[in-house]
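Scroll down for the structure; my scribbles are underneath it.
As a basis for the values below, the full set of heavy atoms in this structure was taken, side chains included, without hydrogen atoms, waters or symmetry mates. In what follows, chains carry the letters A, B, and so on, assigned in the order in which the sequence lines appear, proteins first and then strands, with residues in each chain numbered from 1.
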Number of protein chains: 2
Amino acid sequence: MPRNRPARRNDEPLADSGDSLLTFRDDEALGYCLRRAQVSVFQEFLSTFEDVSLRPVEYSILTLVHDNPGRKQIEISDVLGIKRANFVPIIDGLEARELVERRPSAEDRRANALYLTRAGLKFTLAVRKRHEALETELTLRLGGPAKRAELLELLRLLS
Amino acid sequence: MPRNRPARRNDEPLADSGDSLLTFRDDEALGYCLRRAQVSVFQEFLSTFEDVSLRPVEYSILTLVHDNPGRKQIEISDVLGIKRANFVPIIDGLEARELVERRPSAEDRRANALYLTRAGLKFTLAVRKRHEALETELTLRLGGPAKRAELLELLRLLS
DNA sequence: TATTGTTATACTCTATAACTATA
DNA sequence: TATAGTTATAGAGTATAACAATA
């Protein structure tokens, strides 16, 4: 949704002038603030990886296939909460870029086993490095690793 | 995105059995955890207000118009980060439900001033009550108001 | 019968361009 | 010339149904 106004106190009266700020109770609502932070961090991800055309979901798939080579499409898509029907064109894209390979599964001839190509491995290690730098930057903004851990803990309570 | 697996330690080795859990580094990544929590809380919002067909964006608009009656569409949509073109059908819907009214603006004949109808006011006060209950429930899950404030503070640092 | 990958399709969200009527 | 509201449209993301091959 957002990209929003500087925060203001909700208990301040609304001035009468034409272009005054609006009172906005929702900027203290958990759902709204979660959404705003999530969109902001995702946009930061997008601009960080713009030059290599990498979306968050593709990054997750690459790291997942890297750490779990040979898994079926359905196993990878399940972890990410992506319907198998919607997963197909995403893998199509990664395969067209020769980062990921579909190979017939040895145990189940219905299934595709997913692997990183050599180029995919190199790419994945590189973007993972950049992702770590992004996490470090965000951690700094939060006030250090303890604050980051605190945030992750609280987010987990809502998930 | 998610609806995910029980958390596990990323440093545990991946077992060889066919249906073992996958290693998933991203479940410690800020962006991913933010997204998961946001989706979860939004889904909770949707099921809470399912019987009155209220989406988060509509709730925000109603409270915003309630607290700032007579504002132009562009002023309300700007606060929420919604393009004015996309705002039109949303207001169409709220107007069709007779919760919100477009009235010609006194000062600017290009603009629509937005107001709650009598029914819209009643509806807004009712859903605001239920929203407060939802916030209370989430606050409980976080471990109390101090934890909630902590979370909001950390989210603001990322926004 | 059930599952894997796939196609087709639809619905929501979001983004842009262009039009009109005003300013 | 710029702005408010509107329309049309295109792109993502997400959801379901159905089919072929295989379990």
Side-chain angles (χ1 to χ4, degrees), chain A residues 1-4 18-19 31-32 35-36 38-40 42-43 45-46 50 53-61 65 70-96 100-114, chain B residues 1-4 18-19 31-32 35-36 38-40 42-43 45-46 50 53-61 65 70-96 100-114:
Chain A
M1 203 160 287
R3 220 40 342 203
N4 218 337
D19 60 341
Y32 186 83
R35 173 110 184 101
R36 198 157 57 154
Q38 182 259 303
V39 168
S40 178
F42 263 50
Q43 279 173 343
F45 184 103
L46 286 176
E50 195 178 21
S53 300
L54 191 70
R55 292 170 299 162
V57 66
E58 293 168 331
Y59 174 77
S60 290
I61 293 170
V65 174
R71 291 296 187 148
K72 296 184 286 184
Q73 290 185 194
I74 190 71
E75 291 178 302
I76 302 294
S77 62
D78 266 3
V79 172
L80 297 173
I82 301 171
K83 307 273 173 193
R84 67 189 195 284
N86 296 329
F87 197 64
V88 173
I90 304 178
I91 295 298
D92 285 347
L94 292 173
E95 204 171 30
V100 165
E101 246 188 351
R102 287 168 162 116
R103 295 190 212 154
S105 166
E107 315 102 33
D108 186 342
R109 282 164 50 197
R110 293 170 303 181
N112 293 331
L114 297 180
Chain B
M1 200 160 289
R3 224 44 330 214
N4 217 336
D19 61 341
Y32 186 83
R35 173 110 183 103
R36 197 158 55 154
Q38 183 259 302
V39 168
S40 179
F42 263 50
Q43 279 175 343
F45 184 104
L46 286 176
E50 194 178 22
S53 301
L54 191 70
R55 290 170 299 161
V57 65
E58 293 168 330
Y59 173 77
S60 289
I61 293 170
V65 173
R71 291 298 188 148
K72 296 184 287 183
Q73 289 184 197
I74 191 70
E75 292 179 302
I76 302 295
S77 62
D78 264 5
V79 172
L80 297 172
I82 301 171
K83 307 273 174 195
R84 69 189 195 281
N86 297 328
F87 197 64
V88 173
I90 305 177
I91 297 298
D92 286 348
L94 292 174
E95 205 171 30
V100 164
E101 246 188 348
R102 287 169 164 116
R103 294 191 214 154
S105 167
E107 317 103 32
D108 185 341
R109 283 163 50 197
R110 293 170 303 182
N112 293 331
L114 297 179

(request) Report yes if some heavy atom in the side chain of B:V65 is under 4.5 Å from a heavy atom in the side chain of B:I61; otherwise report no. (result)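 Yes; the side chains approach each other to less than 4.5 Å.
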Interatomic distance, [X] [atom1] vs [N] [atom2] [rounded to whole Å]:
X	N	atom1	atom2	result
B:R103	D:dG5	CZ	C1'	18 Å
B:I90	D:dT7	CD1	P	14 Å
B:K83	C:dA17	NZ	P	10 Å
B:N112	D:dT3	CG	P	18 Å
B:D92	C:dT12	CG	P	14 Å
A:F45	D:dA12	CZ	C1'	16 Å

(request) Check whether any side-chain N or O of B:Q73 sits under 3.5 Å from a backbone N or O of B:F87 as a donor-acceptor pair, and report yes or no. (result) no
(message) Please evaluate residues A:K72 and A:E75 with respect to the criterion salt bridge (charged side-chain N to carboxylate O under 4.0 Å, His left out), reporting the C-alpha separation (whole Å), side-chain torsions for both, the decisive distance (0.1 Å), and the verdict.
(response) CA-CA 5 Å; A:K72 296 184 286 184; A:E75 291 178 302; 5.3 Å; no
Quick one: which of [options] gets closest to the side chain of [X]?
X	options	value
B:I74	C:dG5, D:dA4, C:dA15	D:dA4
A:V88	C:dT4, C:dT7, C:dC13	C:dT7
A:N86	D:dT6, C:dT16, D:dA15	D:dA15

(message) Using five pairs at each end of the helix from C:dT1-D:dA23 to C:dA23-D:dT1 to define an axis, what is the angle between those two axes, to 10°?
(response)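 That helix has its two terminal axes inclined by roughly 0°.
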(request) Quick one: closest heavy-atom pair of B:F42 and A:R35, and the distance? (result) CZ-CD, 3.5 Å
(message) Can you build the contact string for nucleotides 18-23 of chain D? Use B for base contact, S for sugar-phosphate-only contact, and - for no protein heavy atom under 4.0 Å.
(response) B--BBS
(message) Would you compute the distance between atom OG of B:S60 and atom CD1 of B:I82 and round it to the nearest 0.5 angstrom?
(response) 8.0 Å
